[in-house]
Amino acid sequence: MIRMMMLTIFSGAVLMTILGATGATPQSGSTTKKSFGKTPDGQPVDLFVLTNRGGAEASITNYGGAVVSLKVPDRNGKLADVVLGYDTADGYVNDKSYFGALVGRYGNRIGHAQFMLDGKTYTLAKNNGENSLHGGIKGFNKAVWTAKILPIKDGQSLEFSYLSKDGEEGFPGNLRVTVIYTLTDTNSLKIVYSATTDKKTVVNLTSHSYFNLAGQGSGDILGHQLMIQADKFTPVDAALIPTGELRDVAGTPFDFRKPTAIGARIDQDEEQLKLGGGYDHNFVLRRSADIGESLAARVVEPTTGRVLEVWTTEPGVQFYTGNFLDGKTPGKGGVTYPRRTAFCLETQHYPDSPNQPKFPSVVLKPGERYHTITSYKFSVEK
Ligand code: BGC
């Protein structure tokens, strides 16, 4: 079949539509762009709506590169939005939970907000007690990214780029970052991260979607069944900084090697669960370093049949059960998000790696290319 591709540029709310295959029906897939508001200093912010051939839809803003909504079918084909978020750019400007955001330059915590490279100490802002969290006070989640709609290949693709300047939030080197989101026709949201630097630096990029496979705003996630492909996890201290130990999950509430309800053990009287207020830990993924993406985790929501598989090239995943959500922030469509009404599976290198010589390295040197891939694959179980 000969495929036609049309590029139509409109002015107004819908500025650009790329139509693949046979026409403008949802079944052909499309990407549209509309205004999502402005930053406090007046920069316009956009919302891109990616719709695949089956009608699944990902809305992504160039403010923080955040996934705003993700609509996927249940076992009866009914779509629901399975991520937490806000209705306008303002929500993301004020957000403290990193809803859906691209996180960098260093996802997760760096202890005492400092690290050494080649004998020099770099000091970062302390935005989480004594520590640095998710890139600092103005991390990549607060940046306006440059967006480009890419030609259709494996699905609907959007490229975001951002230059993080030498010294930004205390990190060395001009870091050029590119993130490509693709919503495939098989209901996968694939994220490809790349970066280069002109000075030795540290990089750990991730995506911070909060999932609720029954639909955002529909209650807690304690009944979701979770499997994580990890034999070990990295226990933390009171400030949630890894102690350096890789601890066996066997015989602990961190053993998700077989599918287990998230809530089955979450309130057990166990030191690590108490420190995290639930799960807020990095799992050491069972994967071979040199192959492409491996399965990291699988989550099933029994009432709707929705399934999420997380595949990644990364060595770790932060499993976080939304313990700090407090139901006070208004979310999409006026709903609120109380504690544990979503979970995150943030693929990553281990927290505090710049200060942990035994953890896989997060150092990026000039001439090298940071390149990682993570896919959030949706399907259903009957
Ligand atoms: C961290 C949590 C933190 C959350 C929002 C997660 O990645 O592990 O401790 O509260 O992000 O900042």
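Every value quoted in this text rests on a predicted model; they were computed, and no experiment measured them. One is the number of the first residue; the rest follow in order along the sequence. Whatever order the structure lists ligands and atoms in, that order sets their numbers, starting from 1.
- Under the 4.5 Å side-chain contact rule for hydrophobic residues, Y162 and Y98 do not share a cluster.
- Residues T31 and Q156 have side chains that bring a donor and an acceptor to within less than 3.5 angstrom of each other.
- Every atom of ligand 1 with a heavy atom of H134 under 4.0 Å away is listed here by number and element: 6 (C), 7 (O), 11 (O), 12 (O).
- Below 3.5 Å of separation, one finds an N or O of H208 facing an N or O of ligand 1.
- What sits closest to atom 10 (O) of ligand 1 on the protein, heavy atoms only, is F324 CD1, 3.0 Å.
- Taking atom 3 (C) of ligand 1 as the reference point, the nearest protein heavy-atom neighbour is R109 NH2, 4.1 Å.
- Taking every non-hydrogen atom of Y98 and a distance limit under 4.0 Å, the qualifying atoms of ligand 1 come out as 5 (C), 12 (O).
- Here F319 has no heavy atoms under 4.0 Å from ligand 1, in either its backbone or its side chain.
- For ligand 1, the atoms sitting less than 4.0 Å from at least one non-hydrogen atom of E346 are 6 (C), 7 (O), numbered in the order shown with element in parentheses.
- Between D81 and K332 there is a salt bridge, since a side-chain N of the basic residue sits under 4.0 Å from a carboxylate O of the acidic one.
- At least one heavy atom of L133 lies less than 4.0 angstrom from ligand 1.
- Of all protein heavy atoms, the one lying nearest to atom 9 (O) of ligand 1 is D280 OD2, 2.5 Å.
- Between D166 and K199 there is a salt bridge, since at least one side-chain N of the basic residue sits less than 4.0 Å from a carboxylate O of the acidic one.
- Interface atoms of ligand 1 facing Q318, defined by a heavy-atom separation under 4.0 Å, are 8 (O).
- For F319 and H281, the ring centers are positioned 6.0 Å apart or more.
- Aromatic rings from Y106 and F140 are positioned such that their centres are separated by 6.0 Å or more.
- Ranking the protein heavy atoms by distance from atom 5 (C) of ligand 1 puts Y210 OH, 3.6 Å first.
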(request) Check the pair R339 / D326 against salt bridge (charged side-chain N to carboxylate O under 4.0 Å, His left out), numbers first and verdict last. (result) CA-CA 5 Å; R339 189 166 189 243; D326 59 10; over 6 Å; no

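- Between the CD1 atom in I191 and the OG atom in S209 there is a gap of 6.5 Å [rounded to 0.5 Å].
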